[in-house]
Amino acid sequence: MPRRSRLFSLSSLTRAYQRNLKAFARATRPVRAKAPAKLRGAAAKAVKVPAVARAARPAGRPPPVSGEWLAGLARGPAGARRYQLYIPPGLALKAREKLPLLVMLHGCGQTGRDLAAVSRMNRLAARQRFLVLYPEQERMANAHGCWNWFERRNGKAQAEAATLLAAIDRVAATHPVDLARVAVAGLSAGASMAVLMAARYPDRFCAVAMHSGVAPGTAESAASAMAAMHGRREAHLPDVVPSEAAPAALPPLLVLHGDADGVVSVRNAAAAALLWADALGARAGAIRTLQRGQRHAMRVTEFKKSGRTVVALREIVGLAHAWSGGAAKLAYSDPAGPDASALVWAFVARQFAKL
């Protein structure tokens, strides 16, 4: 965790995040849990063994993968923000090709490079041929690198969302981005900012994925953010959707959250899904439990409208505050969880296919 700057005092939210992240680090020491011998096999699936996100070395540079990794800078109402862009290989061979763009927003205590390393989204992008944009929060804007999704009362959240949109436009102006196929996803504070962006600019995104984030419209200042993180605030979508935008035009939403998350309450997952589904006029189907091999099980609820899934809620059993199915031995990552990157892309790709 970065040291506190002498030039800037921490906000109440930052201090609260610091306490939560310290507790999270203590709770995420490597642990190897095994089911009792009598419960191994099919019966072991019913045993809830808390998973951990191993607080090991920081992610740093993403794992090597073919393609390009470019740095850039975008300016907007919140000032300048750096970004990294992953471009899959072979693009120059098809000069007129336009590719989808997935925007990935990191969480507190992370960088864009960290999220790229943890999620391994670039590896998936190389196979499926899409661009990945990793915007970077400035430490002068938030001491711990959190996106200021909660600062709606003073307008900082809205300014950051607009600046992130400016980053998308800058990348699209210089690279072959298909602006009709853009989606945004994030982890923790990045997830909260992702869903805020989708609510404020619904016509700019085909889909949004929220991993371990806070339901939209639950906080308007630092003072209310911690209560929102703990699931003690009611979400209000009209508070974040501009008056000129129709809530019914919101893009489809995927919600991923661990039920052992001690930093952001899993109550936010259901709250966000219900709020989004209500705005879209979708109805919930039956809850299903899915599990692949020895990975953590998921409780899946799909909300459909006219036979189409517009909101998907996936609550992951035993997952803490971490990217599900992420790279091993990295902070904010649980390799034993379902592959969140594959789930995000599958959901996003379905929306692109319907265009």
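Residue indices begin at 1 and follow the sequence shown. Treat the numbers as computed from the prediction; the structure is a model and nothing was measured.
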- Note on the structure: By salt bridge (charged side-chain N to carboxylate O under 4.0 Å, His left out), Arg181 pairs with (sequence neighbours left out) Asp178

Show me the donor-acceptor pairs within less than 3.5 Å that the side chains of residues 71-80 make with the rest of the protein, sequence neighbours left out.
none

- Residue list, salt bridge (charged side-chain N to carboxylate O under 4.0 Å, His left out) with Arg295, at least two apart or on another chain: none

- Item | Asp261 side-chain N/O to Val264 backbone N/O, donor-acceptor pair under 3.5 Å | yes

- Task: Answer yes or no: is there a donor N or O on one side and an acceptor on the other, between the side chain of Ser265 and the main chain of Arg267, under 3.5 Å?
- Result: yes

- Item | By salt bridge (charged side-chain N to carboxylate O under 4.0 Å, His left out) - contacts of Glu220 (at least two apart) | Arg153, Arg233

- Message: Tell me if the centroids of the rings in Trp345 and Phe130 come within less than 6.0 Å of each other.
- Response: yes

- Under 3.5 Å, is there a donor-acceptor pair linking the side chains of Glu160 and Gln137? yes

Distance-only donor-acceptor pairs under 3.5 Å for side chains of residues 346-355, two or more places apart:
from: Gln351; atom 1: OE1; to: Arg308; atom 2: NH2; distance (Å): 2.9
from: Gln351; atom 1: NE2; to: Phe347; atom 2: O; distance (Å): 3.1

- Task: Go through the side-chain N and O atoms of Ser341 and Trp323 and say whether any donor and acceptor fall under 3.5 Å apart.
- Result: yes

- What distance do Met104 atom CE and Leu187 atom CG have between them, rounded to the nearest 0.5 Å? 8.5 Å

- What is the distance from atom CH2 of Trp276 to atom CG of Leu274, rounded to the nearest 0.5 Å? 13.5 Å

- Task: Indicate yes or no for a side-chain donor-acceptor contact from His211 to the backbone of Ser324 under 3.5 Å, with no hydrogens or angles considered.
- Result: yes

- Query: Just checking, any donor-acceptor pair under 3.5 angstrom between side chains of Asp114 and Tyr134?
  - Reply: no

- Query: So how far is it from Leu131 CG to Leu85 CG, rounded to the nearest 0.5 Å?
  - Reply: 5.5 Å

- Could you tell me whether the side chain of Glu302 and the main chain of Thr309 form a donor-acceptor pair under 3.5 Å? no

- CZ-CZ distance between Arg288 and Arg299, expressed to the nearest 0.5 angstrom: 14.0 Å

- If you measure from CG on Leu313 to NE2 on His257, what distance do you get to the nearest 0.5 Å? 10.5 Å

- Item | Donor-acceptor contact present, side-chain Asn268 to main-chain Ala228, <3.5 Å | yes

- Message: Per the ring-ring contact (aromatic ring centres under 6.0 Å, His included) rule, what does the pair list look like for residues 162-184, sequence neighbours excluded?
- Response: none

- Item | Approximate separation, where rounding is to 0.5 Å, of Ser221 OG and Asn154 CG | 8.5 Å

- Query: Do any N or O atoms from the side chain of Arg120 and from the backbone of Gly325 form a donor-acceptor pair under 3.5 angstrom?
  - Reply: yes

